[in-house]
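All residue numbers in this chain count up from 1 along the given sequence.
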Amino acid sequence: MQVALKIWRYDAATGQKALRDYEFDAPDEATLLDCLDIVKDRVDGSLAFRKSCRMMICGSCGMRMDGAAVLACKTRMYELAEAGHIPVISAMGNLPVVKDLVVDMEPFWAKLRAMKPWLDPGYADPGEQENIVSQEQMNTVHKESLCIQCGCCVSECNAMESSPDFMGPAALAKGMRFVGDPRDAATVERLEDYSTEHGIWECTRCYFCQERCPKGVDPRDAIAKLGAEAMRHGIDRDWGAKHAKWFVTSARTTGWLRETELVPKTQGIVTSIKQMKFAMGLAVKGKVPTPFPPHVAANQKEARALYGLVKEQGRDGAQGIVQGERALSRIEHHEGGGAAAARGPYGPGSFPKPYLPGEQATDEGVTQ
């Protein structure tokens, strides 16, 4: 097949950046990484990019295609080439570019190291008794354990773009890997560290990290688990935690979000008074609901009963989110169709189709 690429070339020594066009022949089954290899071997040997395993497990070949992070070894080129589309290839975002498609991963590793990514069992000598962990307990951190540290989520993180000190989705997902591990004895200490100014609650919940993760780790869900665990352990000093806490309280007591009380409950009375001018402007435009009498949703007893059941079952922390994930997974597997059908067991389109272009997959196998 005939493939065309536009690649952003960058020279760190001079600071010059240029978009170069390349056109070449490639096998029908070629991935983006295969195409970059062809460019480097046959067209321009100065092109710089990272690679290693070529099997979607090492995480080395993260880069952007048309502005969105991808693993080059996972991205098939046949359909793009057949459609005549010329993708633009560039280095990942939110990390310093060293040369062409190569970024400096040191800021990424520094934030990962800050998570203390090792088990702290709470004892010096484990003795002779084996510490067995059940599958149900490990289900809490199953997705987080799939992370290959490619940096695709970091590349697309809006919060990191506006605040580079934000810990980021990859690091926080790794943090959840140990917070959720029953063998770790430093849960509270970890949650305290992760609940600082640039931690859990600085996430903007845009879900781009989740959308671009090539392994289905779902970093935003991991951050949500950390937030739930922090509140379960009473670590709720941050405005973000107070904001989430009021959502729960408001829904439990009246069945809807009482917005007029949101700022006082989240930021305090003093801050609310300072914002009175802004609030009055909203009120004049009819943007502020009447606080009295408080509206109570129909069948509110059911919402309160659900809240009580969640507490009783101990699912008010990360377990509640895990339960939701499992429910969605069952829906996808049993009902299928729509967007669910496109999602692989380890994320959207996790594995390429097991047949080449021109072939057709059937229940009996592959036919020409």
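- In the hydrophobic cluster analysis, where Ile, Leu, Val, Met, Phe, Trp and Tyr join through side-chain heavy atoms closer than 4.5 angstrom, Val102 is grouped apart from Tyr22.
- Contact annotation: the side chain of Val70 never approaches that of Cys152 to less than 4.5 Å [non-hydrogen atoms, C-beta and beyond].
- Tracing side-chain contacts under 4.5 Å through hydrophobic residues (I, L, V, M, F, W, Y), one reaches Val188 starting from Trp201; they form part of the same cluster.
- Ala4 and Pro87 get closest at one heavy-atom pair: O-CD, 3.5 Å.
- Of all heavy-atom pairs between Ile200 and Ser195, the closest is CD1-OG, 3.7 Å.
- No donor-acceptor distance shorter than 3.5 angstrom exists from the side chain of Thr271 to the backbone of Gly268, with no hydrogens or angles considered.
- With a 6.0 Å radius and a threshold of 12 heavy atoms from other residues, nucleotides or ligands, Lys116 has its NZ atom at or below the threshold.
- For the 3.5 Å distance criterion, the side chains of Arg258 and Thr253 qualify, holding a donor opposite an acceptor.
- Taking 4.5 Å as the limit, some side-chain heavy atom of Leu71 sits within range of a side-chain heavy atom of Ile148.
- Pairs engaging residues 244-282 under the ring-ring contact (aromatic ring centres under 6.0 Å, His included) rule: His243-Phe247, Trp256-His295 [sequence neighbours left out].
- Once rounded to the nearest 0.5 Å, the distance linking CD of Glu325 with NZ of Lys225 reads 4.0 Å.
- The same ILVMFWY cluster, assembled from side-chain heavy atoms under 4.5 Å apart, contains both Val43 and Leu33.
- Looking at Lys6 and Glu23, no side-chain N of the basic residue comes within less than 4.0 Å of a carboxylate O on the acidic one, giving no salt bridge.
- One hydrophobic cluster holds both Leu80 and Ile38 under the rule that ILVMFWY side chains link at heavy-atom gaps under 4.5 Å.
- A distance of 14.5 Å separates CZ of Arg212 from SG of Cys157, quoted to the nearest 0.5 Å.
- Under a 3.5 Å cut-off, the side chain of Asp218 and the backbone N or O of Arg220 do not form any donor-acceptor pair.
- Here CH2 of Trp118 is found 9.0 Å from CG of Asp120. Values are rounded to the nearest 0.5 Å.
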Asp165 and Ser163: side-chain hydrogen bond (donor to acceptor under 3.5 Å, both in side chains), yes or no, with the steps?
CA-CA 5 Å; Asp165 291 330; Ser163 177; 5.5 Å; no

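- In this structure a side-chain-to-backbone donor-acceptor pair under 3.5 Å is present from Gln137 to Ser134.
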Go through the steps to decide whether Lys245 and Val248 satisfy the test side-chain contact (heavy atoms from CB on, under 4.5 Å), and finish with yes or no.
CA-CA 5 Å; Lys245 196 172 182 179; Val248 175; 5.9 Å; no

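- Under the 4.5 Å side-chain criterion, counting only non-hydrogen atoms from C-beta, Asp316 is not in contact with Met231.
- Residue Met138 qualifies as enclosed at atom CE: its count of foreign heavy atoms under 6.0 Å is above 12.
- Between Asp11 and Lys17, none of the side-chain N atoms (NZ, or NE/NH1/NH2) sits under 4.0 Å from a carboxylate O, so this pair counts as no salt bridge.
- Residues Met167 and Glu202 are not in side-chain contact: their nearest non-hydrogen atoms beyond the backbone lie 4.5 Å or more apart.
- Of all heavy-atom pairs spanning Met63 and Phe49, the tightest one is CE-CB, 4.4 Å.
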As a quick check of understanding, evaluate side-chain contact (heavy atoms from CB on, under 4.5 Å) for Val88 and Ile7, giving each step before the final call.
CA-CA 6 Å; Val88 177; Ile7 303 177; over 6 Å; no

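- Side-chain atoms of Ser250 and Glu261, non-hydrogen and from C-beta on, never get closer than 4.5 Å to each other.
- With values rounded to the nearest 0.5 angstrom, Cys61 atom SG is found 8.0 Å from Leu32 atom CG.
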Working for side-chain contact (heavy atoms from CB on, under 4.5 Å), residues Gln267 and Gln275:
CA-CA 11 Å; Gln267 301 181 15; Gln275 295 185 10; 3.2 Å; yes

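- Using a distance-only test at 3.5 Å, with no hydrogens or angles considered, no donor-acceptor pair links the side chain of Arg50 to the main chain of Ser60.
- Heavy atoms of other residues, nucleotides or ligands lying less than 6.0 angstrom from CZ of Arg42 number 12 at most.
- Legend: side chain to side chain donor-acceptor pair (under 3.5 Å) pairs involving residues 167-178, not counting sequence neighbours, sorted by first then second residue: Ser145-Arg177, Arg177-Asp181.
- Between Pro164 and Leu95 there is no side-chain heavy-atom pair separated by less than 4.5 Å.
- Scanning all heavy atoms of the two residues, the minimum distance from Gln210 to Pro219 falls at OE1-N, 3.7 Å.
- With Asp34 as reference, Arg54 is the one residue of Lys51, Arg54, Lys40 to meet the salt bridge (charged side-chain N to carboxylate O under 4.0 Å, His left out) rule.
- Ion pairing between Arg237 and Glu192 holds under the 4.0 Å rule for side-chain N and carboxylate O.
- For the residue pair Thr140 / Gln319, a side-chain donor-acceptor distance below 3.5 Å is found, with atom types taken as modelled.
- Ile321 and Val217 end up in different hydrophobic clusters when Ile, Leu, Val, Met, Phe, Trp and Tyr side chains are linked at under 4.5 Å.
- In summary, Lys242 and Asp236 do not engage in a salt bridge, as defined by a charged side-chain N under 4.0 Å from a carboxylate O.
- No more than 12 heavy atoms of other residues, nucleotides or ligands sit less than 6.0 Å from atom CZ of Phe208.
- Formation of a donor-acceptor pair under 3.5 Å by the Gln300 side chain with backbone atoms of Arg252 is found in this model.
- At distances below 3.5 Å, at least one donor-acceptor pair connects side-chain atoms of Tyr194 with backbone N or O atoms of Met115.
- The number of heavy atoms from other shown groups lying within 6.0 Å of CD (Glu136) does not exceed 12.
- A donor-acceptor pair is defined here as one N or O able to donate and one able to accept, closer than 3.5 Å; such a pair exists between the side chain of Asn94 and the backbone of Val154.
- Pairs engaging residues 147-156 under the side chain to side chain donor-acceptor pair (under 3.5 Å) rule: Arg64-Ser155, Arg64-Glu156 [sequence neighbours left out].
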side-chain contact (heavy atoms from CB on, under 4.5 Å), that's the test. Do Val103 and Val98 meet it? Break it down for me.
CA-CA 5 Å; Val103 295; Val98 178; 5.7 Å; no

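- At a threshold of 4.0 Å, the pair Glu29-Arg76 does not count as salt-bridged, since none of the basic side-chain nitrogens sits closer than that to a carboxylate oxygen.
- Distance alone, capped at 3.5 Å, is enough to place a donor-acceptor pair between the Thr196 side chain and the Asp193 backbone.
- Here the CG-CZ distance, from Asn158 to Phe166, works out to 10.5 Å after rounding to the nearest 0.5 Å.
- No side-chain heavy atom of Leu101 sits less than 4.5 Å from a side-chain heavy atom of Arg9.
- Taking the side chain as every heavy atom from C-beta outward, Ile86 and Leu5 never approach each other to under 4.5 Å.
- The minimum heavy-atom distance between Arg232 and Glu229, with the atom names listed, is NH2-OE1, 2.8 Å.
- The heavy-atom pair separating Asp100 from Ala48 by the smallest distance is OD2-N, 3.0 Å.
- A distance of 8.5 Å separates CG of Leu146 from SG of Cys213, quoted to the nearest 0.5 Å.
- Other residues, nucleotides and ligands place more than 12 heavy atoms under 6.0 Å from the CD atom of Glu106.
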